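One structure below.
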Amino acid sequence: MKYTSPRDKAGYYQIVWQVARLIPSGKVSTYGDLAAFIPAPEGKDYRSYRAFGARWVAGAIKNCPDDVPWHRVINSQGRISLRGAAHEQQRKLLEAEGVAFDERDRVDLNVYRWIGPDTGLDDSRLGR
DNA sequence: TCCTTGACTCAGA
DNA sequence: CTCTGAGCCAAGG
């Protein structure tokens with residue numbers, strides 16, 4: 001996967017989809033985490049990238065192809081960022097894969113969070 | 001061109 | 001735990 005320009009929306013989207021497709025059933029990931037897998041554009045520090053990346057990822061997921069498991073991508077709080085019917089649908093899809101929600105509609109990221117392909121993510125890389 | 005909005009996130013109260 | 005404000009980028013009116 002090659003990511004050349006920060007403005008290359010189409011290319012960025014494809015990378016996001018590609019990474020999203022790697023999320024195994026029964027696991028979840030966050031917009032920020034997916035963004036962390038993708039190299040920061042030149043001229044932007046990590047902090048800026050982390051902030052804008054999450055939104056780009058959200059936009060990419062929103063317009064993803066049918067073969068992308070969009071329901072496995074939630075926000076950093078372990079919650080579903082949707083409202084109405086779509087919220088219920090996403091929750092059902094996750095529960096069908098064995099992902100449990102607590103009484104506050106949240107997923108325990110310490111248990112279900114996907115840590116990526118080999119090198120993966122760790123707290124230092126996420127800047128936490 | 002300016003302004004608003006968004007499937008975001010973090011730090012602080 | 002919830003609510004705010006600030007920070008970022010892009011798209012659309």
Side-chain angles (χ1 to χ4, degrees):
Chain A
M1 62 173 92
K2 184 57 181 164
Y3 172 47
T4 56
S5 166
R7 311 292 181 193
D8 183 8
K9 191 179 73 170
Y12 189 90
Y13 276 23
Q14 287 190 17
I15 294 176
V16 172
W17 297 335
Q18 192 169 328
V19 175
R21 277 189 274 255
L22 298 176
I23 304 174
S25 174
K27 289 287 184 180
V28 298
S29 190
T30 71
Y31 301 102
D33 281 356
L34 293 185
F37 281 117
I38 303 167
E42 290 182 23
K44 299 203 183 306
D45 55 57
Y46 183 80
R47 201 163 174 288
S48 298
Y49 171 65
R50 185 160 172 46
F52 99 88
R55 289 201 162 163
W56 266 27
V57 169
I61 295 299
K62 183 166 60 176
N63 299 302
C64 73
D66 296 334
D67 64 324
V68 175
W70 59 273
H71 59 281
R72 295 181 191 139
V73 183
I74 57 182
N75 63 34
S76 67
Q77 297 170 31
R79 288 182 179 164
I80 292 174
S81 299
L82 291 171
R83 304 175 196 177
H87 183 290
E88 285 300 313
Q89 183 188 6
Q90 181 167 15
R91 175 169 172 157
K92 277 192 169 185
L93 286 170
L94 289 174
E95 292 182 320
E97 296 181 347
V99 176
F101 285 75
D102 64 16
E103 55 284 341
R104 294 195 202 71
D105 253 29
R106 275 194 320 180
V107 171
D108 185 347
L109 292 178
N110 291 311
V111 176
Y112 301 104
R113 183 184 180 200
W114 176 60
I115 307 300
D118 61 38
T119 80
L121 295 175
D122 55 44
D123 290 354
S124 65
R125 185 172 176 185
L126 286 175
R128 290 174 189 161

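Residue numbering restarts at 1 for every chain, and letters A, B, ... go by the order of the sequence lines. All figures in this text were calculated on a predicted structure; none of them were measured in a lab. The analysis underlying the following values was restricted to heavy atoms, covering all of them including side chains, and did not include hydrogens, waters or symmetry mates.
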Given atom CD of A:Gln89 and atom P of B:dA7, what is their separation to the nearest angstrom?
16 Å

Among the nucleotides C:dC9, B:dC8, B:dA7, whichever has the atom closest to the side chain of A:Trp56 is C:dC9

How close do A:Asn63 and A:Trp17 get, heavy atom to heavy atom, and via which atoms?
O-CZ2, 3.3 Å

Nearest atoms (heavy-atom pairs only) where A:Trp70 meets A:Leu82
CZ3-CD1, 4.0 Å

So A:Trp114 and A:Phe37, would you call those rings parallel, tilted or perpendicular, with 30° and 60° as cut-offs?
tilted

How is the base pairing of DNA chain B summarised as a dot-bracket string, given the Watson-Crick and G-U wobble criteria with both distances under 3.5 Å, [ ] for crossing and | for another strand?
.|||||.||||||

To the nearest angstrom, how far is A:Tyr12 atom OH from C:dC9 atom P?
12 Å

Any donor-acceptor N/O pair, A:Lys27 side chain to A:Val111 backbone, under 3.5 Å
yes

Distance, rounded to the nearest Å, where A:Ile61 contributes CD1 and C:dA10 contributes P:
18 Å

Distance check needed: B:dA7 C1' versus A:Arg91 CZ, whole Å only.
17 Å

A:Arg21 side chain reached by A:Pro69 side chain, heavy atoms, under 4.5 Å:
yes

Quick one: A:Tyr31 OH to B:dG6 C1', roughly how many Å, whole number?
11 Å

Whole angstroms only, please: what is the CD1-P distance between A:Ile74 and B:dC8?
12 Å

Does A:Ser76 place a side-chain N or O at less than 4.0 Å from the phosphate oxygens OP1/OP2 of B:dC8?
no

Listing, residues 90-101 of chain A side-chain donor-acceptor contacts under 3.5 Å, not counting sequence neighbours, or none:
unit_1  : atom_1 : unit_2   : atom_2 : d
A:Gln90 : NE2    : A:His71  : O      : 2.9
A:Gln90 : NE2    : A:Val73  : O      : 3.3
A:Arg91 : NE     : A:Glu95  : OE2    : 3.1
A:Arg91 : NH1    : A:Asp105 : OD1    : 2.1
A:Arg91 : NH2    : A:Glu95  : OE2    : 3.4
A:Glu97 : OE1    : A:Gly26  : N      : 3.3
A:Glu97 : OE1    : A:Arg72  : NE     : 3.0
A:Glu97 : OE2    : A:His71  : NE2    : 3.0
A:Glu97 : OE2    : A:Arg72  : NE     : 3.2
A:Glu97 : OE2    : A:Arg72  : NH2    : 2.7

How close do A:Tyr13 and A:Ala60 get, heavy atom to heavy atom, and via which atoms?
CD1-CB, 3.6 Å

If I take atom NZ in residue A:Lys62 and atom P in nucleotide C:dC9, what distance separates them, rounded to the nearest angstrom?
18 Å

Which heavy-atom pair separates A:Ser81 from A:Asn75 by the least distance, and what is that distance?
OG-ND2, 2.9 Å

Rounded distance (Å) that lies between atom C1' of C:dA11 and atom OH of A:Tyr13:
9 Å

Which whole number of Å gives the distance between the C1' atom of C:dG13 and that of B:dT1?
12 Å

On a heavy-atom basis, which atom in A:Leu109 and which in A:Ser76 lie closest, and how many Å separate them?
CD1-O, 3.4 Å

Look for any protein N or O under 3.5 Å of an N or O in nucleotides 2-7 of chain C and output each such pair with its distance, or none.
unit_1 : atom_1 : unit_2  : atom_2 : d
C:dT2  : OP2    : A:Arg79 : NH2    : 2.8

